[in-house]
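All remarks here apply to the structure that follows.
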Amino acid sequence: MKKQITKKSILAIFLAAFLILGLAACGSSKDTAQETETEKVEEPAEDTADDVADDTATVKGTALKDGVLDLGTNAAFPPYEFYEGDEIVGIDPEIAKAVADYLGYELKIHDMEFNNIIASIESGKIDGGIAGMTVNETRLKSVNFSNSYATGIQSIIVTQDSEIETVEDLEGKKIGTQFGTTGDIYAQDDFGVENVQSFDKGADAVVALSSGKVDAVIIDNQPAISFVANNEDLKVLDTDYEVEDYAIALTKSNEALLEEVNQALTALKDSGELQKIIDKYISAD
Ligand code: ARG
């Protein structure tokens with residue numbers, strides 16, 4: 001009797017276990033699906049690069065201990081950065097904001113002379129710079145550069161009646177540039193320091209061109225178009241002096257920040273947000 005009961009109980013236990021396991025198996029597949037969904041909504045911090053197409057996906061940045069992303073710019077460079085009233089607007093501040101938001105940092109933009117941005121990064125005053133800044137070997141010795149977010153072209157502005165038609169025609173002419181920019185460096189290298197007059201702002205070089213103090217201005221294409229749009233007497237030559245990559249400059253002392261910013265830029269590229277920002281300020285034609 002005792003034995004029989006034991007056999008029966010064992011059978012019952014097996015049956016029960018079988019049933020429970022079976023039910024659990026059915027239930028768990030549902031649970032897993034639910035869990036994944038919840039995770040996506042409630043824990044965006046765990047999103048991987050694969051999830052970046054989702055507009056709302058973000059990651060929690062940890063590279064900046066104070067939680068503030070301090071970036072230098074030179075807000076005299078439309079449409080990348082310029083003043084609208086008291087506010088600095090344009091492609092760069094919007095990209096910077098999107099990057100900071102993505103990483104959960106507060107953004108602080110510091111307006112300064114373009115030529116001071118890299119020195120300020122090196123001295124630790126700011127974490128980086130976003131200023132239509134071209135990646136080049138010299139700068140790479142002082143700062144890290146993020147992945148590129150735009151292409152820049154060095155262009156030539158002349159007066160409508162100018163005899164200058166090509167880059168070669170600049171030989172022996174007075175050239176205006178913005179101090180410390182790649183255009184400034186190329187002009188000095190190619191046409192001699194004595195022929196180049198550098199100004200604090202690109203717009204000042206353009207004023208000098210209008211008043212006949214220089215014969216041409218070498219500056220990035222989009223600001224060139226924007227400066228000329230306000231001045232009927234000037235035109236941008238249809239020649240690409242140099243094609244360059246724009247990127248965010250970042251302090252060399254924080255490699256984790258570089259990784260985070262690149263992760264954010266990839267996410268913004270994949271979600272289409274980056275292009276949306278650029279399209280807002282630059283028309284396709
Ligand atoms: N792309 C050029 C450079 O990196 C000019 C950038 C000037 N930017 C500015 N915000 N003023 O040298």
Side-chain angles (χ1 to χ4, degrees), residues 44-45 52 55-135 139-140 142-150 152 178-181 200-203 220 222-223 245-269 271 273-274 276-278 280-281:
V52 294
D55 249 345
T56 57
T58 56
V59 300
K60 175 99 185 64
T62 53
L64 294 170
K65 300 292 164 252
D66 64 352
V68 183
L69 178 61
D70 288 280
L71 293 182
T73 198
N74 170 249
F77 198 68
Y80 287 93
E81 47 266 345
F82 54 102
Y83 275 94
E84 222 169 61
D86 291 344
E87 207 192 336
I88 297 174
V89 296
I91 295 171
D92 286 341
E94 288 210 25
I95 290 177
K97 183 75 174 72
V99 166
D101 282 352
Y102 180 87
L103 297 169
Y105 292 136
E106 186 191 325
L107 174 71
K108 272 194 196 145
I109 296 270
H110 305 258
D111 192 19
M112 56 182 73
E113 298 289 316
F114 180 76
N115 200 46
N116 286 342
I117 297 176
I118 291 196
S120 301
I121 298 171
E122 282 188 291
S123 72
K125 222 176 111 187
I126 46 177
D127 303 308
I130 186 160
M133 197 183 279
T134 303
V135 179
R139 292 172 182 170
L140 275 166
S142 311
V143 292
N144 284 335
F145 273 108
S146 72
N147 296 333
S148 176
Y149 62 85
Q178 182 180 14
F179 184 53
T181 60
D200 282 343
K201 291 186 181 138
D220 304 50
Q222 287 303 326
D245 286 326
Y246 288 169
I248 305 176
L250 294 162
T251 171
K252 266 194 183 298
S253 66
N254 194 339
E255 290 293 325
L257 180 62
L258 173 67
E259 273 169 40
E260 287 181 359
V261 167
N262 277 337
Q263 197 178 347
L265 282 175
T266 306
L268 294 168
K269 228 177 237 176
S271 71
E273 207 172 325
L274 196 78
K276 231 189 263 168
I277 294 172
I278 293 171
K280 187 171 154 190
Y281 290 94

(Q) So, taking the atom named CG in N147 and the one named OG1 in T266, what distance separates them when rounded to the nearest 0.5 Å? (A) 5.5 Å
Q: Taking salt bridge (charged side-chain N to carboxylate O under 4.0 Å, His left out) as the test, write out the residues that go with D101, two or more places apart.
A: K97
Between side-chain atoms of residues 108-116 and protein atoms elsewhere (two or more places apart, or another chain), which donor-acceptor pairs fall under 3.5 Å?
from, atom 1, to, atom 2, distance (Å)
H110, NE2, D70, OD1, 2.7
D111, OD1, A75, N, 2.8
D111, OD2, Y83, OH, 2.9

**Q.** Pairwise distance OG(S120) to CG(D127) - rounded to 0.5 angstrom
**A.** 11.5 Å
(Q) List the residues meeting side chain to side chain donor-acceptor pair (under 3.5 Å) with Q178, not counting sequence neighbours, and say none if there are none. (A) N74
Q.
Let me confirm one number: the CD-CD1 distance from E81 to I88, rounded to the nearest 0.5 Å.
A. 8.5 Å
Q) Going by the side chain to side chain donor-acceptor pair (under 3.5 Å) test, which pairs reach into residues 246-258, not counting sequence neighbours? A) N144-E255, D220-Y246, T251-S253
Q. Atom CG of L71 and atom CG of L107: how far apart are they, to the nearest 0.5 Å?
A. 5.5 Å
Quick one: side chains of residues 61-69, donor-acceptor pairs under 3.5 Å with protein atoms, not counting sequence neighbours, listed by atom name and distance.
from, atom 1, to, atom 2, distance (Å)
K65, NZ, T62, O, 2.9
D66, OD1, V68, N, 3.0

**Q.** Under the side chain to side chain contact (heavy atoms under 4.5 Å, CB included) test, residues paired with A249 that sit two or more places apart
**A.** I121, M133, V143, F145
Q) Of all residues at least two apart in sequence or in a different chain, which pass the side chain to side chain donor-acceptor pair (under 3.5 Å) check with S146? A) none
Q | Over all atoms of both residues, closest heavy-atom pair of S148 and A150 | A | OG-O, 3.1 Å
Q: Identify the two heavy atoms, one from I130 and one from T73, that lie closest to each other, and give their separation to 0.1 Å.
A: O-OG1, 2.7 Å
(Q) With a 3.5 Å distance limit and no angle check, can you tell me whether R139 reaches the backbone of I118 through a side-chain donor-acceptor pair? (A) no
**Q.** Atom pair CG/CZ of D200 and F179 - distance to nearest 0.5 Å
**A.** 8.0 Å
Q: Determine which pairs satisfy side chain to side chain donor-acceptor pair (under 3.5 Å) with at least one residue from residues 86-96, sequence neighbours left out, and list them in order.
A: D92-Y149, E94-K280, E94-Y281
Q.
I need the minimum non-hydrogen distance between P79 and P223, along with the two atoms involved.
A. CD-N, 4.1 Å
Q: Quick one: closest heavy-atom pair of I277 and A98, and the distance?
A: CD1-CB, 4.3 Å
